[in-house]
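Worth saying up front: this structure is predicted, and the values here are computed from it rather than measured.
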Amino acid sequence: MLNVTIDTSGVAPNEAQEWVNELVNVYADMEIEDVNVSGNKISFKAGSSGMDDTEPEDIKTKLQEYLTMNEAFEAKSINVS
């Protein structure tokens with residue numbers, strides 16, 4: 001699992017939680033754990049089931065794509081490590 005941190009311009013905790021939950025529905029191979037929403041930051045662990053070679057850039061690309069489809073908040077930066 002990779003650590004994901006999204007810095008935002010501010011988001012309601014329940015909206016951020018729904019956004020992350022829907023991310024799993026859109027990308028069926030994605031797994032999410034340990035979601036934490038605090039102020040202007042959303043963090044969670046993400047990975048792809050059945051894919052041992054998932055790179056941070058793979059997850060970041062999916063997040064950016066999903067933000068384009070479902071812009072629930074403005075992302076100032078996305079860090080995946």
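- Looking at every heavy atom in both residues, Met1 comes nearest to Glu31 through CE-O, 3.7 Å.
- The minimum heavy-atom distance between Gly10 and Thr8, with the atom names listed, is N-OG1, 2.9 Å.
- Annotation for Met30 and Lys62: closest pair CE-CD, 3.6 Å, computed over non-hydrogen atoms.
- Glu18 pairs by the side-chain contact (heavy atoms from CB on, under 4.5 Å) definition with nothing, not counting sequence neighbours.
- Expressed to the nearest 0.5 Å, how far CG of Asn70 lies from CD of Glu22 amounts to 7.0 Å.
- The side-chain contact (heavy atoms from CB on, under 4.5 Å) test applied to Asn36 returns Ser38, Ser43, not counting sequence neighbours.
- Among the candidates Leu2, Ile6, Val37, the single residue satisfying the side-chain contact (heavy atoms from CB on, under 4.5 Å) test with Phe44 is Ile6.
- Checked against ring pair (Phe, Tyr, Trp, His ring centres under 6.0 Å), Tyr27 has no partners two or more places apart in sequence or in another chain.
- Here the options are Thr68, Asp58, Leu23, the test is side-chain contact (heavy atoms from CB on, under 4.5 Å), and the partner is Leu63; only Leu23 passes.
- A heavy-atom distance below 4.5 Å is not found between the side chains of Val11 and Asn40.
- Listed here is the closest heavy atom pair of Ile59 and Ser48: CD1-OG, 4.3 Å.
- With sequence neighbours left out, Glu74 forms a side-chain contact (heavy atoms from CB on, under 4.5 Å) with Ser9.
- Residues Lys45 and Val4 fail the side-chain proximity criterion, which asks for heavy atoms closer than 4.5 Å.
- Glu57 is not listed as a side-chain neighbour of Val80, based on a closest heavy-atom distance of 4.5 Å or more.
- Contacts of Lys41 classified as side-chain contact (heavy atoms from CB on, under 4.5 Å), with partners at least two apart in sequence or in another chain: Thr5, Asp7.
- Here the CG-CG distance, from Asn14 to Asn21, works out to 11.0 Å after rounding to the nearest 0.5 Å.
- Taking Phe73 as the reference, Trp19 meet the ring pair (Phe, Tyr, Trp, His ring centres under 6.0 Å) condition, with sequence neighbours excluded.
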